[in-house]
Trainee: 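A single structure is presented below for examination.
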Amino acid sequence: MKVDVLLGLQWGDEGKGKIVDVFTPKYDIIARFQGGPNAGHTLEFDGIKHVLHTIPSGIFHENTVNIIGNGVVMDPIIFQKEIEGLKVLNVDVKSKLLISRKTHLILPTHRVLDAASEAAKGKHKIGSTLKGIGPTYMDKTGRNGLRVGDLELDNFLDKYNALVAKHEEMLKQFDFEYDFKEEEEKWMASLETLKSLTFIDSEHYIGEAMKEGKSILAEGAQGSLLDIDFGSYPFVTSSNTVCAGACTGLGVAPNRIGKVFGIFKAYCTRVGSGPFPTELLDESGEELRKAGHEFGATTGRPRRCGWLDLPALKYSIMLNGVTDLIMTKADVLSSFGELKVCTAYDYKGETIEHFPYNIDEDNLSPVLKALPGWDKDLTGLSDVAELPGELVDYITYLEKELEVPITVVSVGPDRTQTLMRETVNA
Ligand code: GDP
Ligand code: IMO
Ligand code: MG
């Protein structure tokens, strides 16, 4: 069996958690391949609303194995809180969660470094979630990081202390006051929870599972436009969020990737700083934010909202080799009499249809096309046949432009509010 991948095509928060949860019954294994607690993946079912940060979104299903892959960075304190939150909901995490020994650990001093670095950038800050993501990946590529597998070594504390000393040295460059001792105590205590879970060599585990014919879905975090290489650099996260990240983040060979599910909102949002060509700074943006409850699942920050951006979406589809598109939040557009989509950019006086190197507003503005909206509440629909004609036209238009079928349309946050246009086979 090949490994299917589900990932975000925009700036994150496309609804990955919800759709992974919906797809989970079709898979034996759900594996997160990158990112860390900067992610907030929301699941809603049976009146429960739950946000996951590090734990894969298959965790609520009985017979599914969930894996935290080597490409992920984890903060043991946040991880412990996640486990406690799931325990309250009677989810036995221990029996169905496996953690790669190669997963990197976020230390309290990584979080301090993140905060110090953002403070030093002032108005040019990235708008990081301040979870220590950037500094942890820097230590990974700088070959200084601590990994989950190090917890099994006798000299773990020596390694920890050496890394903290390095961080304290680095922090001297910043005019930043900090005290991480209390957090350090919590961190050390939370390691006990982490150590009570099962650590694996996940690349071998996944390789064997594939041989045995098990079906596997790789769950991405963030979105392609936040990718460290291809996103709106430097306003990006510090990992490869694109499909190639599933190969390196799980140890899966490129020719073993099967379907690539690319998920996008029927409009666009972004949280944090950085260019956003279709951003609506007027009341339409406010209306989208209100209708879509666009507030960050991790930080609670209001999300910036704008129209769907086709050149950006085409770029993401190309980078990921998307085979199936999933459109979420179609219901949020119901209150708009007229919709707009960006079909091209005015780029330094020229009309272009590709996503260029520099998408700053000084260089680029969107070319917008108006489309008729639909005045129908979609949230109670249970079959695609009930979709209003204007929405069917919207979908048909997008499929023609994007050259990939939209196989799933999501019309609300709940598991049940998911319309299948084609049978999705694992
Ligand atoms: P993720 O990071 O990609 O998993 O997405 P988030 O959970 O951060 O943000 C998506 C938000 O939209 C969550 O609050 C979901 O419950 C919600 N959501 C997902 N799909 C839909 C949908 O089709 N319609 C509406 N109205 N909300 C949705
Ligand atoms: P999910 O998985 C939306 C954004 C931050 C910031 C930038 C860098 O829920 O879609 P970082 O903390 O990674 O250094 O922040 O990336 N960001 C996200 N935006 N959804 C996410 O995850 C995000 N994870 C990071 O807001 O702009
Ligand atoms: Mg999110």
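Below, each value reflects all heavy atoms present in this structure, side chains not excepted, and no hydrogens, waters or symmetry copies. Read the numbers this way: they start at 1 and go in the same order the structure lists the ligands and their atoms.
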Trainee: Report yes if T237 has an N/O atom closer than 3.5 Å to an N/O atom of ligand 2; otherwise report no.
Mentor: yes
Trainee: Tell me, which protein residue and heavy-atom name are nearest atom 20 (N) of ligand 2, and how many Å apart are they?
Mentor: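 Protein heavy atom with the smallest distance to atom 20 (N) of ligand 2: D13 OD1, 3.1 Å.
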Trainee: Under a 3.5 Å distance rule, please check whether S239 uses its side chain to pair with a backbone N or O of T241 as donor and acceptor.
Mentor: no
Trainee: Do any N/O atoms on S238 end up under 3.5 angstrom from N/O atoms on ligand 2?
Mentor: no
Trainee: State the atoms of ligand 1, each with its element, that fall below the 4.0 Å cut-off from a heavy-atom position in S410.
Mentor: 20 (N), 21 (C), 22 (C), 23 (O)
Trainee: Would you say N38 has any N or O atom under 3.5 Å from an N or O of ligand 2, going by distance alone?
Mentor: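 Yes - when backbone and side-chain N and O of N38 are compared with those of ligand 2, one distance drops under 3.5 Å.
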Trainee: Is V236 touching ligand 2 with its side chain, its backbone, both, or neither, if touching means heavy atoms under 4.0 Å apart?
Mentor: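 Backbone only.
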Trainee: Check each atom of ligand 2 against the heavy atoms of G127 and keep those under 4.0 Å away; list them by number with element.
Mentor: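 So the answer, numbered in order with elements, is 5 (C), 6 (C), 26 (O), 27 (O).
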Trainee: Within ligand 2, which atoms have a heavy atom of A221 less than 4.0 Å away?
Mentor: 2 (O)
Trainee: In terms of atom number and element, which parts of ligand 1 are under 4.0 angstrom from non-hydrogen atoms of V332?
Mentor: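 Those atoms are 26 (N).
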Trainee: Tell me the nearest of G15, A291, P413 to atom 16 (O) of ligand 1, using heavy-atom distances.
Mentor: P413
Trainee: Can you tell me the protein heavy atom closest to atom 24 (N) of ligand 1 and the distance?
Mentor: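 Of the protein heavy atoms, D331 OD1, 2.8 Å lies nearest.
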Trainee: Would you say G40 has any N or O atom under 3.5 Å from an N or O of ligand 2, going by distance alone?
Mentor: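 Between G40 and ligand 2 (N or O atoms, distance only) the closest approach is under 3.5 Å.
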Trainee: Would you say Y345 and D309 are linked by a side-chain donor-acceptor pair, where the criterion is simply a distance under 3.5 Å?
Mentor: yes
Trainee: Can you tell which part of E44 has a heavy atom less than 4.0 Å from ligand 1: side chain, backbone, both or neither?
Mentor: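 The part of E44 near ligand 1 is the side chain, not the backbone.
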Trainee: Does any donor atom in the side chain of E118 or S128 lie under 3.5 Å from an acceptor atom in the other side chain?
Mentor: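 Result is no, nothing qualifies.
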Trainee: For ligand 2, which atoms have a heavy atom of A39 less than 4.0 angstrom away?
Mentor: 1 (P), 2 (O), 9 (O), 22 (O)
Trainee: Around atom CG of D175, are there more than 12 heavy atoms from other residues, nucleotides or ligands closer than 6.0 Å?
Mentor: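 No, the 6.0 Å shell around CG holds no more than 12 heavy atoms from other groups.
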Trainee: Okay, side chain of D227, backbone of V242: is any donor-acceptor separation there less than 3.5 Å?
Mentor: yes
Trainee: Within the 3.5 Å criterion, strictly below it, is a donor on K18 or T328 matched to an acceptor on the partner's side chain?
Mentor: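 Per modelled atom types, K18 and T328 side chains form no pair under 3.5 Å.
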Trainee: Judged by modelled atom types alone, do K166 and T109 share a side-chain donor-acceptor pair under 3.5 Å?
Mentor: no
Trainee: With only distance considered, is G40 within less than 3.5 Å of ligand 1 through an N or O on each side?
Mentor: yes
Trainee: Looking at every non-hydrogen atom in both residues, tell me the closest pair between W307 and E338 and how far apart they are.
Mentor: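 Closest pair (atom of W307, atom of E338, distance): CH2-O, 3.9 Å.
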Trainee: Give yes or no for whether the N/O distance cutoff of 3.5 Å, strictly under, is met between G412 and ligand 1.
Mentor: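 It does: an N or O of G412 is found under 3.5 Å from an N or O of ligand 1.
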Trainee: So which bit of H41 gets within less than 4.0 Å of ligand 2, heavy atoms only: side chain, backbone, both or neither?
Mentor: side chain
Trainee: Measure from the ring center of H50 to the ring center of F60 and say whether it is less than 6.0 Å.
Mentor: yes
Trainee: How far is atom 27 (O) of ligand 2 from its nearest protein heavy atom, and which residue and atom is that?
Mentor: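 Nearest protein contact, heavy atoms only, for atom 27 (O) of ligand 2 is V271 O, 3.1 Å.
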Trainee: If I apply the N/O under 3.5 Å rule, does T328 come out as touching ligand 1?
Mentor: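 T328 vs ligand 1: no N/O contact under 3.5 Å.
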Trainee: Would you call the rings of F355 and Y315 parallel, tilted or perpendicular, where under 30° means parallel and over 60° means perpendicular?
Mentor: parallel
Trainee: Counting only heavy atoms not in E361, do more than 12 sit closer than 6.0 Å to its CD atom?
Mentor: no
Trainee: State, without any angle test, whether H110 and T136 hold a side-chain donor-acceptor pair at a distance under 3.5 Å.
Mentor: yes
Trainee: What do we get for H53 next to ligand 1 when only non-hydrogen atoms under 4.0 Å count, side chain, backbone, both or neither?
Mentor: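 No part of H53 is near ligand 1 at this cut-off.
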Trainee: List every atom of ligand 2 that sits less than 4.0 Å from any heavy atom of R301, numbering the atoms from 1 in the order shown and giving each element.
Mentor: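 Selected atoms, number and element: 5 (C), 26 (O).
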Trainee: Under 4.0 Å, heavy-atom basis, I'd like to know which part of T379 is in contact with ligand 1: side chain, backbone, both or neither.
Mentor: neither
Trainee: Of all heavy-atom pairs between K16 and L7, which one has the smallest distance, and what is that distance?
Mentor: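 For K16 and L7, the tightest heavy-atom pair comes out as CD-C, 4.3 Å.
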Trainee: Suppose I only count heavy atoms of W11 and a 4.0 Å limit; which atoms of ligand 2 are within that range?
Mentor: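 Listed by number with element: 3 (C), 19 (N).
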Trainee: If only side-chain N and O atoms count, and only distance matters, is there a donor-acceptor pair under 3.5 Å linking Y160 with E184?
Mentor: yes
Trainee: Run the numbers for me: atoms of ligand 2, each under 4.0 Å from some heavy atom of K16, listed by number.
Mentor: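 So the atoms of ligand 2 that pass are 1 (P), 2 (O), 10 (O).
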Trainee: Report yes or no: do E203 and N70 form a side-chain donor-acceptor pair below 3.5 Å?
Mentor: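 Side chains of E203 and N70: no pair found under 3.5 Å.
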Trainee: Hey, is L226 touching ligand 2 through its side chain, its backbone, both or neither, going by heavy atoms under 4.0 Å?
Mentor: side chain
Trainee: So for atom CG, which belongs to D375, do other residues, nucleotides or ligands contribute more than 12 heavy atoms lying within a distance under 6.0 Å?
Mentor: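 At most 12 heavy atoms, drawn from other residues, nucleotides or ligands, come within 6.0 Å of this atom.
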Trainee: To 10°, measure the OD1(D13)-the Mg ion (ligand 3)-O(G40) angle for me.
Mentor: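 That angle is 170°.
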Trainee: With no hydrogens and no angle check, do the side chains of T269 and W11 hold a donor and an acceptor under 3.5 Å apart?
Mentor: no
Trainee: Considering T42, L419, N38 one by one, which has a heavy atom nearer to atom 7 (O) of ligand 1 than any of the others?
Mentor: T42
Trainee: So, is K18 polar-close to ligand 1, with some N/O to N/O distance under 3.5 Å?
Mentor: no
Trainee: Is it the case that ligand 1 has an N or O less than 3.5 angstrom from some N or O of D13?
Mentor: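 Indeed, backbone or side chain, D13 has an N or O that close.
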Trainee: I'd like to check which ligand 1 atoms, numbered from 1 as shown, lie under 4.0 Å from a non-hydrogen atom of G17.
Mentor: 4 (O)
Trainee: Would you find more than 12 non-hydrogen atoms of other residues, nucleotides or ligands less than 6.0 Å from E185 atom CD?
Mentor: no
Trainee: What residue and atom, counting heavy atoms only, is the protein's closest point to atom 27 (N) of ligand 1, and at what distance?
Mentor: K329 CE, 3.2 Å
Trainee: Hydrogens and angles aside, do H41 and D21 bring a side-chain donor and acceptor to less than 3.5 Å of each other?
Mentor: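 The criterion, which ignores hydrogens and geometry beyond distance, is not satisfied for D21 and H41.
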Trainee: Which of the listed options, E219, Q222, R303, holds the heavy atom that is closest to atom 1 (P) of ligand 2?
Mentor: Q222
Trainee: Nearest protein heavy atom to atom 9 (O) of ligand 1, by residue and atom, and its distance?
Mentor: R303 NH2, 3.5 Å
Trainee: Nearest protein heavy atom to atom 12 (O) of ligand 2, by residue and atom, and its distance?
Mentor: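 The protein heavy atom lying closest is T129 OG1, 2.5 Å.
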